[in-house]
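Remarks on the structure that follows.
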There are 2 protein chains.
Amino acid sequence: MTVAPKVSYQDVKTVVLKRIRDSTWAPGSIMPGEIDLAKEFGCARATVNRAMRELAEEGFIDRKRKAGTRIKSSPTRQAKFVIPLIRDEIEKSSATYRYALINRELRDAPDWLRARMGLSQDISALQLQCMHYAGSKSFQYEDRWINLAAVPQAADQEFKIIGPNEWLIKEVPFSDAEITFSTINADAKISKLLEVSVGTALVTLERITWLNGVPITYTKLYFHAGYQMTSRL
Amino acid sequence: MTVAPKVSYQDVKTVVLKRIRDSTWAPGSIMPGEIDLAKEFGCARATVNRAMRELAEEGFIDRKRKAGTRIKSSPTRQAKFVIPLIRDEIEKSSATYRYALINRELRDAPDWLRARMGLSQDISALQLQCMHYAGSKSFQYEDRWINLAAVPQAADQEFKIIGPNEWLIKEVPFSDAEITFSTINADAKISKLLEVSVGTALVTLERITWLNGVPITYTKLYFHAGYQMTSRL
DNA sequence: CAGTGGTCTAGACCACGTG
DNA sequence: ACGTGGTCTAGACCACTGT
């Protein structure tokens, strides 16, 4: 007599994934319920449940109470990109991180910003324009706006030494964020700051963060030429 | 007597996250073990375990057997980008998807490709250059290379009707992938295909996929001007 | 209303990795 | 060696939602 080793949720995932790929269970169709699968695999329902939960997170299946579990007709491809603190990113490459404040201004949020952040009323904001350097090289230009209605204590900060991102991380929690990754041609101002020719294609990243529905801050980051983000799955 | 409602893993997550944010548990330090937390919260260890596992996935803590759980000094920011099938993406915007093969060529993998895919020996590859249209507008240019040593049956495909991506998804599973997001200035060829001026900043996405260590395919996608990717957290 | 996934429990054993 | 997280179990109750 050999004792069957326990069935792990990984095993279940593997087998189910195989069946999805070879169309044992066709795209769009319903697959067996957790209880049936548990019986088939000879394991507890909790084990099946974990396997299925992860497959759902990874975008292969859709699960609904009562309706059951369906194979997605086109599995959702997704890539997780790690967004390190800029200081860490630069120091990891054994360069020296340096921060510089270019401009600091208190002003009413312009229309485009109010639209972007979902602000209906007039709001005073703190605008900060900053540079981040890796050694002697320009690494990133940051255009930062902080909603003073939500973060009034930012008005007392000079941001001459500490960048707004590092300050906000320590000072203000957030509950939601939206990140948009795009690209632009460098204009005159940006090209000078980032030391590239006018027109150079640059990666830009915009981030808006909220705390329980209240917009906290908007930032647009312009990366040096050649910047790229990589993700492994 | 009121009956205490059960403590959910969400509750545990919320409380633990709060303690991380307000530095009840300092960055870099070790926090209590699962058994202690379960006692404190009055729930089962499995409940605490799930909460902690998710917090680890989300980049707030590091867990090691025996060593315990540590608060990360700088939490890992990460963004999940959904990468839809191009057909779905276009049809979702209620435009008509159209695919066109521009060029199909059998050739030895060039040096840069061998380096990129980690191929040591000479390999014959199938190169496909394709366009994807949304209605009458150019949407994406695709430069695709398929490793014929790994996917010999691709040599029999014409790819006149079905694009290589859709074909590969159905035909070849993969185990690992690497995605790189970057940007370039459109050169003469690309600008013509995508109907933009030379020099326009374009988003590019490279993907390499492997099946159990064997490189399957490399592709570089050039998106139309103004393309952006958004992620909500 | 009834069926399915979502979650919790109490207990157990395992595996990794630090000391 | 031993402590901590990793996982599995068997059973239970709950909550959503399609019919």
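Numbered from 1 within each chain, the chains take letters A, B, ... in sequence-line order. What you see is a predicted model, and the numbers here were worked out from it, not measured in a lab. Values below: all heavy atoms of this structure, side chains included; hydrogens, waters and symmetry mates excluded.
- Classification of the Tyr227(B)-Phe223(B) ring pair by plane angle, with boundaries at 30° and 60°, yields parallel.
- If you measure from atom CZ of Arg63(B) to atom P of dG17(C), you get 14 Å, rounded to the nearest angstrom.
- For CD1 of Ile162(A), the number of neighbouring non-hydrogen atoms (other residues, nucleotides, ligands) closer than 6.0 Å is 12 at most.
- A straight line from CG of Asp62(A) to P of dG6(C) spans 11 Å, rounded to a whole angstrom.
- For the side-chain contact (heavy atoms from CB on, under 4.5 Å) test, residues two or more places apart in sequence or in another chain that qualify with Glu34(A) are Arg45(A), Val48(A), Asn49(A), Arg63(A).
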Next on the checklist: Show, in sequence, the C-alpha distance, side-chain angles and deciding distance for Arg50(B) and Glu54(B), and conclude whether the salt bridge (Lys or Arg N to Asp or Glu O under 4.0 Å) test is met.
Outcome noted: CA-CA 6 Å; Arg50(B) 174 149 182 206; Glu54(B) 294 197 357; 3.2 Å; yes

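- With contacts defined as side-chain heavy-atom distances shorter than 4.5 Å, the pair Gln140(B)/His224(B) does not qualify.
- Regarding contacts with the backbone of dG5(D), a side-chain N or O of Thr69(B) is found under 4.0 angstrom from either OP1 or OP2.
- Ionic pairing of Lys13(A) and Glu58(A) is present here: one or more N-O contacts between side-chain nitrogen and carboxylate oxygen are shorter than 4.0 angstrom.
- Taking every heavy atom of residues 41-54 of chain A and every atom of DNA chain C, pairs under 4.0 Å involve Arg45(A), Asn49(A), by number.
- With sequence neighbours left out, Gln78(A) forms a side chain to side chain donor-acceptor pair (under 3.5 Å) with no residue at all.
- Remark: Gly33(A), Glu34(A) in residues 24-40 of chain A come within less than 4.0 Å of DNA chain C through at least one heavy atom.
- Rounding to the nearest 0.5 angstrom, the gap separating the OH atom in Tyr99(B) from the CZ atom in Phe159(B) is 7.5 Å.
- Put simply, CD on Gln10(B) is 15 Å from P on dA15(D), counting in whole angstrom units.
- Rounded to a whole Å, the CD atom of Glu57(A) is 15 Å from the C1' atom of dG5(C).
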Strictly under 3.5 Å: I want the nitrogen or oxygen pairs between protein and nucleotides 17-19 of chain D, one per line.
none

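- Of all heavy-atom pairs between Ser231(A) and Lys80(A), the closest is OG-O, 3.0 Å.
- Here Trp112(A) and Tyr218(A) bring their ring centres to under 6.0 angstrom of each other.
- Remark: P of dC8(C) and NZ of Lys13(B) are 12 Å apart, rounded to the nearest angstrom.
- Taking Tyr97(B) as the reference, His132(B) meet the ring pair (Phe, Tyr, Trp, His ring centres under 6.0 Å) condition, with sequence neighbours excluded.
- The side chain of Tyr9(A) contributes no N or O atom lying less than 4.0 Å from OP1 or OP2 of dC8(D).
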